[in-house]
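Here's the structure, in structure tokens; my notes come after.
Whatever order the structure lists them in is the order used to number ligands and atoms, beginning at 1.
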Amino acid sequence: MNTIPISQEPKTAHTLIRTQSYINGEWVNAASGAVFEVTNPATGEVVATVTDLDRDDVRRAIDAAYDAWPAFRDRTAKERAVLLRKWFNLILEHKEELARLMTMECGKVLTESRGEVEYGASFIEWFAEEARRTYGDVIPANTRDKRIVVTRQSIGVVATITPWNFPLAMITRKVGPALAAGCPVIVKPPTETPLTALALAVLAEKAGFPPGVFNVVTTAHNVEAGLELCENSKVRKLSFTGSTATGKLLMKQCASNLKKISLELGGNAPFIVFDDADVDAAVKGAMASKFRNSGQTCVCVNRLYVHERVYDEFVEKLTKAVTTLRVGNGLDGDAQIGPLINEKGVDKVKRHLADALEKGARVAVGGHELGGLFFQPTILTDATAEMIIAQDEVFGPVAPVFRFSDEQEVIELANATPYGLASYFYSKDINRCWRVAEALDYGMVGINDGMISTEVAPFGGIKESGIGREGSKYGMDYFTEIKYMCFGGIN
Ligand code: SIN
């Protein structure tokens with residue numbers, strides 16, 4: 001395995017760097033004057049010092065969004081679509097700058113950051129188009145003198161709490177449909193990656209969104225800010241991506257005013273390779289899905305189940321592919337695997353590994369720390385259901401490979417988790433493909449495909465992986481309320 005040296009980040013003049021929050025069309029500091037640091041996980045260097053809002057500051061952002069709502073909601077869908085389209089164009093025009101910024105604050109390798117800018121922008125483009133298709137219904141009435149009409153109305157102020165693993169795309173996937181539906185938004189980015197969110201605000205301002213419609217609140221007071229966003233009744237909808245534990249807490253907090261919520265939470269994705277699969281295609285799919293963002297996505301493969309007849313062949317080919325991966329600072333163009341986000345992430349990987357080895361797993365490749373927050377991409381063979389790695393979300397570049405012999409057995413193993421986000425399997429038998437796809441207890445199933453994320457399809461999970469869907473034609477539903485109007489006395 002090749003480890004490329006960690007170079008110093010070139011001090012590029014980023015025109016998109018801001019360190020103040022963006023509220024009501026203005027760049028503002030915390031009333032307290034407090035700040036927090038953003039560090040580059042690849043080098044430990046401080047990238048920027050950002051204003052640290054408290055609960056009262058966040059409340060001011062909510063007030064601004066609430067005041068902006070009536071005028072924004074009353075714009076035509078086409079007017080909102082035009083604004084979104086301008087924003088989309090600006091995001092793509094600044095692709096390189098955004099990508100570098102993202103890599104600096106979250107460590108993701110540059111090629112993936114560039115891909116994320118395109119992926120993130122695609123939600124803005126998609127919902128610019130969907131804005132004008134927020135149709136209602138006319139329902140045949142129950143009596144002759146009535147007419148029944150159903151419309152969809154903007155839900156109101158939307159708060160989004162977004163994760164560090166996709167600093168841009170998880171914002172646009174939520175904010176795109178919200179803005180399309182006429183909802184002002186408050187974006188609370190994570191403490192690790194506020195700069196990409198602020199850069200999006202620079203571009204939203206340039207695109208011409210009215211003051212109060214797009215707000216970014218940066219804070220290290222995560223608990224207090226979360227409480228305000230959940231408990232303030234001016235916020236009508238909360239959309240969160242992050243851990244299942246935090247999702248449960250936010251749901252409880254939102255219960256105080258029955259706020260609508262969308263939750264995109266943890267996963268524990270199985271990846272099944274049947275004995276009739278194209279093994280080379282399965283290896284390619286596993287590489288794409290397992291090692292994206294150094295294994296730090298909620299749709300990353302967590303458990304590889306391989307039929308005993310193709311187990312050795314699959315492990316050999318996967319090991320060979322992993323051996324070629326280059327680990328390094330994401331800003332070095334050749335790196336394919338960046339650092340983990342923080343010490344906690346590295347500790348978790350080490351804990352999983354130690355437990356698996358103690359319970360009989362063997363390392364086919366990798367298995368070591370590389371210093372700082374870097375960890376070797378690792379394949380573990382002879383994994384079993386008793387290992388913690390079989391139950392926990394890994395969120396790192398470690399892939400345990402389990403052996404199975406029977407279709408029903410592997411479906412049961414795959415479903416034996418409280419999570420239900422993404423799942424994958426490889427088979428050339430069309431009957432099996434339908435059978436297994438229908439039997440997997442997951443919101444998303446990749447069949448002979450390891451990369452299922454796209455703006456045109458509904459992203460989301462069942463069980464403890466969340467509530468709601470993002471992207472696609474279904475994405476708008478979560479930012480509108482249905483209104484039924486009954487016209488009586490018609491003759
Ligand atoms: C996530 O990890 O939360 C999102 C992954 C994706 O959109 O593909």
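There is a side-chain donor-acceptor pair under 3.5 Å between T241 and K174. In this model, a donor atom of one side chain and an acceptor atom of the other lie less than 3.5 Å apart for T191 and N222.
With a 4.0 Å heavy-atom cut-off, ligand 1 is reached by the backbone of C298 and by its side chain too. In M451, neither the side chain nor the backbone holds a heavy atom less than 4.0 Å from any atom of ligand 1.
Close approach to F459 involves these atoms of ligand 1, each under 4.0 Å from a residue heavy atom: 4 (C), 5 (C), 6 (C), 7 (O), 8 (O). Less than 4.0 angstrom separates some heavy atom of T241 from each of these atoms of ligand 1: 3 (O). Ligand-side atoms of ligand 1 in range of R292: 6 (C), 8 (O), range being under 4.0 angstrom from any heavy atom. Listed by number with element, the atoms of ligand 1 under 4.0 angstrom from any heavy atom of T297 are 2 (O).
Contact analysis puts R173 in contact with ligand 1, with a non-hydrogen atom separation below 4.0 angstrom.
When all heavy atoms are compared, the tightest approach of T218 to P189 is CG2-CG, 4.4 Å.
The number of heavy-atom neighbours closer than 6.0 Å to NZ of K86, taken from other residues, nucleotides and ligands shown, is 12 or below.
Within the cation-pi definition used here (under 6.0 Å to the ring centroid, within 45° of the axis), K108 qualifies as a partner of F166.
A side-chain donor-acceptor contact under 3.5 Å links R303 to the backbone of N268.
Protein heavy atom at the shortest distance from atom 7 (O) of ligand 1 is Y119 OH, 2.7 Å. The protein non-hydrogen atom at the shortest distance from atom 8 (O) of ligand 1 is S453 OG, 2.5 Å. Of the protein's non-hydrogen atoms, the one nearest atom 5 (C) of ligand 1 is F166 CE1, 3.6 Å.
Residue V185 forms a side chain to side chain contact (heavy atoms under 4.5 Å, CB included) with just one option from V235, L179, N215, and that option is L179.
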